[in-house]
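Being a predicted model, the structure only gives us computed values, none of them experimental. Sequential numbering from 1 along the given sequence is applied to the chain's residues.
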Amino acid sequence: MNHWRAVLPALSLGCLVACATVPVSAPTALTTPPVPPPSQERALRESWLKERHGLLLDMMRRHGVAMWVVVNEEFHDDPLTAWVAPPLPYAGNRDVFVFVDAGDAGLQKVALTGYATEAVARFFQAPPVERKQTEALADLDARYHPRTIALAMDGRRGVTRSLTHDTYKWLVEALGPSAEARFVSAAPLIEEYLDTRLPGELTPYRDLVVLTESLVKRALSNEVVVPGKTTVGDVRRWLYDALFEARVGTWFQPDLRVQRQGMKDGFSRGFLAVADEAVVIQRGDLLHVDFGVSALGLSTDWQKMAYVLKDGEQDAPEGLKRALENTRTLQDALMLRASRPGRSSADVYDATMAEMKERGIEAKVYSHPLGAQGHALGSSIDFRAASRSEAPRLLRKGSYLAVELSTTTAVPEWGGQQVAVMQEDPAYLTDEGWRFFVPRQDAFYLIH
């Protein structure tokens with residue numbers, strides 16, 4: 001944490017200063033950049049990698065993994081590479097990272113990259129570059145004869161099944177059929193490894209959430225929106241430019257949704273449909289944005305809503321505000337009353353929905369893990385996951401979650417029209433339930 005603060009002091013203050021001084025026409029660079037220069041970012045992420053490697057042996061033993069092999073291919077990066085090796089470009093035909101449970105000797109880490117790199121050498125042993133990778137792999141198998149060799153295959157998510165067919169065949173040729181019989185899926189190990197958040201990540205991640213909130217507040221304001229003129233596409237393009245100015249990326253296309261009085265059913269597959277870019281934002285519209293940033297190997301996910309005031313209005317109609325309050329009630333039920341470390345996500349979902357039924361609130365919950373990816377690995381509290389016949393997924397203390405959910409409420413001022421209020425906030429799990437990184441939305445953003 002101290003290292004991060006030395007590199008990046010007071011991002012939150014930087015965001016506030018930037019928001020107060022930007023011109024209306026376009027986003028400007030933040031006073032304090034949300035990420036440090038590349039050399040300092042690499043040092044920070046290497047410090048996290050050292051800590052993560054220190055946790056790996058216990059994880060391997062919990063999941064019965066004696067050897068874990070990650071293979072990065074040229075121009076086809078394995079998403080695991082950035083989490084098991086230093087954050088560098090890897091351009092070898094195949095770069096291989098091997099982790100072995102050597103018993104009393106502890107965790108042995110070997111990199112077969114075919115070229116010398118000092119950063120890699122700080123974390124891995126490496127045979128001479130002249131040594132063939134296949135021979136070095138065979139020697140490791142002969143020396144340790146691991147009872148299981150875990151590979152990224154047979155998983156349900158992309159990062160757990162990232163091993164390519166050709167690399168599988170290459171490993172079989174290198175290790176032989178007796179080793180192939182010991183190949184197992186690394187999916188359970190990968191999930192725990194990627195879903196384990198480090199204490200030092202919390203403050204930098206909170207800063208990224210602050211940045212996400214700052215950009216969304218600006219996008220859903222008169223800085224960007226002129227009712228009757230600004231289109232959905234204009235707001236989306238502004239967000240893309242804001243990402244560039246802030247020196248961060250994103251992992252999905254920013255989406256906007258529009259609800260207005262008298263609008264025909266705008267739902268698709270049970271969710272409010274994304275608005276076409278040509279839609280012009282009008283007075284009286286209820287706007288929704290889904291947006292996230294990516295930096296330092298971490299990703300945020302964020303949904304908020306704004307109301308465009310009609311002439312003479314000072315606030316959103318009471319019916320819309322009650323709809324937002326229903327969603328806040330849903331958040332409280334899931335985060336504070338139902339969730340605890342060690343509880344299964346299915347039980348949390350069932351308890352949350354039972355409370356909503358008792359209160360007469362029409363609710364939908366589709367929350368997902370967050371952090372290492374935007375749709376990360378771990379326990380989802382989600383109506384789709386709850387319906388699957390699979391082993392219970394237990395909530396892990398310290399994990400991050402995108403608390404993503406919505407309620408649908410009839411609004412009297414709109415003639416009883418059903419209005420969806422959707423919210424999504426990054427949170428982390430404590431012994432008392434989930435905690436937001438920044439305060440949730442208590443009122444609609446107002447566009448004048």
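- Taking 4.5 Å as the limit, every side-chain heavy atom of Q125 sits out of range of all side-chain heavy atoms of K109.
- In summary, the side chains of S344 and D347 do present a donor paired with an acceptor at a separation below 3.5 Å, with no hydrogens or angles considered.
- Between E46 and K50, none of the side-chain N atoms (NZ, or NE/NH1/NH2) sits under 4.0 Å from a carboxylate O, so this pair counts as no salt bridge.
- No side-chain N or O of S294 forms a donor-acceptor pair with one of T250 less than 3.5 Å apart.
- At a cut-off of 3.5 Å, with distance as the only test, no side-chain donor of Q418 or T409 sits close to an acceptor on the other residue.
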Task: Intermediate values then yes/no, salt bridge (Lys or Arg N to Asp or Glu O under 4.0 Å), R440 and D332 - done: CA-CA 11 Å; R440 64 182 173 183; D332 289 343; 2.9 Å; yes
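- Atom-to-atom distance recorded for L88:CG and R45:CZ is 10.0 Å, nearest 0.5 angstrom.
- Classification of E318 and K321 as a salt-bridged pair holds, one side-chain N sitting under 4.0 Å from a carboxylate O.
- Contact record, W238 with E223: CZ2-OE2, 3.7 Å, taken as the closest heavy-atom pair.
- Remark: H448 pairs with no residue by the ring-ring contact (aromatic ring centres under 6.0 Å, His included) rule, at least two apart or across chains.
- Side-chain contact between M422 and K364 is absent, with no heavy atoms from C-beta onward closer than 4.5 Å.
- Residues passing the ring-ring contact (aromatic ring centres under 6.0 Å, His included) test with F124 are H53, F97, F99, sequence neighbours excluded.
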- [ ] Tell me, with the steps shown, if R197 and K397 meet side chain to side chain contact (heavy atoms under 4.5 Å, CB included).
- [x] CA-CA 9 Å; R197 302 271 57 82; K397 184 178 179 179; over 6 Å; no
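- A pairwise comparison of heavy atoms in W414 and Q259 identifies CH2-O, 3.6 Å as the closest pair.
- A salt bridge does not link D154 to R161: none of the charged nitrogens lies less than 4.0 Å from a carboxylate oxygen.
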Open item on the list: Let's go through L56 and L189 carefully: what are the C-alpha distance in whole Å and the side-chain angles of both, what is the deciding distance for side chain to side chain contact (heavy atoms under 4.5 Å, CB included) to 0.1 Å, and is it a yes or a no?
Closed with: CA-CA 9 Å; L56 182 54; L189 170 64; 4.1 Å; yes
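- The two residues V224 and R218 come nearest to each other via the heavy atoms CG2-O, 3.3 Å.
- Pairing each heavy atom of A102 with each of Q108, the nearest pair is CB-CG, 3.5 Å.
- A cation-pi geometry, defined here as NZ or CZ lying under 6.0 Å from the six-membered ring centre and within 45° of its normal, holds between K304 and W302.
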Open item on the list: Please evaluate residues V280 and K229 with respect to the criterion side chain to side chain contact (heavy atoms under 4.5 Å, CB included), reporting the C-alpha separation (whole Å), side-chain torsions for both, the decisive distance (0.1 Å), and the verdict.
Closed with: CA-CA 6 Å; V280 177; K229 293 182 61 177; 5.8 Å; no
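- Between I381 atom CD1 and L405 atom CG the span is 9.5 Å, to the nearest 0.5 Å.
- In this structure a side-chain-to-backbone donor-acceptor pair under 3.5 Å is present from T430 to E432.
- Looking at D101, its side chain does come within 3.5 Å of a backbone N or O of G103 through a donor-acceptor pair.
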Open item on the list: Please determine whether side chain to side chain contact (heavy atoms under 4.5 Å, CB included) holds for the pair L286 and L320, giving the CA-CA distance in whole Å, both sets of side-chain angles, and the decisive distance to 0.1 Å.
Closed with: CA-CA 9 Å; L286 186 63; L320 289 181; 4.1 Å; yes
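- Electrostatic pairing of R322 and E325 does not count as a salt bridge here, judged by no charged N lying under 4.0 Å from a carboxylate O.
- Listed for the R257 side chain is a donor-acceptor partner under 3.5 Å among the backbone atoms of L272.
- Other residues, nucleotides and ligands contribute at most 12 non-hydrogen atoms within 6.0 Å of the CZ atom of F244.
- Side-chain contact between V289 and V235 is absent, with no heavy atoms from C-beta onward closer than 4.5 Å.
- If you look at F437 and Y400, their ring centroids are closer than 6.0 Å.
- Side-chain N or O atoms of S339 include none that pairs as donor or acceptor with a backbone N or O of W434 at under 3.5 Å.
- Side-chain contact between V69 and V96 is present, with at least one heavy-atom pair separated by less than 4.5 Å.
- Proximity of a side-chain donor or acceptor of R340 to a complementary backbone N or O of L336 within less than 3.5 Å is detected.
- In this structure, a donor-acceptor pair under 3.5 Å is absent between the side chains of E424 and H288.
- A323 approaches V421 most closely through the heavy-atom pair CB-CG2, 3.6 Å.
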Open item on the list: For a side chain to side chain donor-acceptor pair (under 3.5 Å) check, start with the C-alpha distance between T81 and N72, then their side-chain angles and the critical distance, and finish with the verdict.
Closed with: CA-CA 7 Å; T81 302; N72 195 77; 2.8 Å; yes
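- A search for side-chain hydrogen bond (donor to acceptor under 3.5 Å, both in side chains) contacts involving S406 returns Y366, not counting sequence neighbours.
- The closest donor-acceptor contact from the side chain of Q417 to the backbone of G262 lies under 3.5 Å.
- With contacts defined as side-chain heavy-atom distances shorter than 4.5 Å, the pair V110/V100 does not qualify.
- Scanning for salt bridge (Lys or Arg N to Asp or Glu O under 4.0 Å) contacts around D234 gives R237, with sequence neighbours left out.
- Between W83 and D78 there is no side-chain heavy-atom pair separated by less than 4.5 Å.
- Of the inter-residue distances, the one linking I190 atom CD1 with M59 atom CE reads 12.0 Å to the nearest 0.5 angstrom.
- Formation of a donor-acceptor pair under 3.5 Å by the T230 side chain with backbone atoms of V226 is found in this model.
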Task: Verdict with reasoning, E313 to Y307, per side chain to side chain donor-acceptor pair (under 3.5 Å) - done: CA-CA 11 Å; E313 286 185 324; Y307 178 70; 2.8 Å; yes
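- Put simply, the side chain of Y349 never gets that close to the backbone of L334: no donor and acceptor are under 3.5 Å apart.
- In this model, a donor atom of one side chain and an acceptor atom of the other lie less than 3.5 Å apart for E404 and Q303.
- If you check the side chains of S379 and S345, you find no donor sitting under 3.5 Å from an acceptor.
- For residues 282-303, the salt bridge (Lys or Arg N to Asp or Glu O under 4.0 Å) pairs, not counting sequence neighbours, are R260-D285, R283-D311.
- A donor-acceptor pair shorter than 3.5 Å can be found between the side chains of Q423 and Q441.
- The two residues E51 and P199 have their closest heavy-atom pair at OE2-CD, 3.7 Å.
- For R396, the side-chain hydrogen bond (donor to acceptor under 3.5 Å, both in side chains) criterion is met by D195, not counting sequence neighbours.
- Ring-plane geometry between F271 and F383 is classed as tilted, the angle between the planes lying from 30 to 60 degrees on a 0 to 90 degree scale.
- Although no hydrogens or angles enter the test, the distance criterion places a donor-acceptor pair under 3.5 Å between the side chain of S185 and the main chain of A187.
- In this structure the side chain of W68 reaches within 4.5 angstrom of the side chain of L80, judged on heavy atoms.
- At least one side-chain heavy atom of V232 sits under 4.5 Å from a side-chain heavy atom of V258.
- Counting only N and O atoms by type, the side chains of D95 and T113 include no donor and acceptor under 3.5 Å apart.
- Salt bridge status for E201 with R52: present, with a side-chain N to carboxylate O gap under 4.0 Å.
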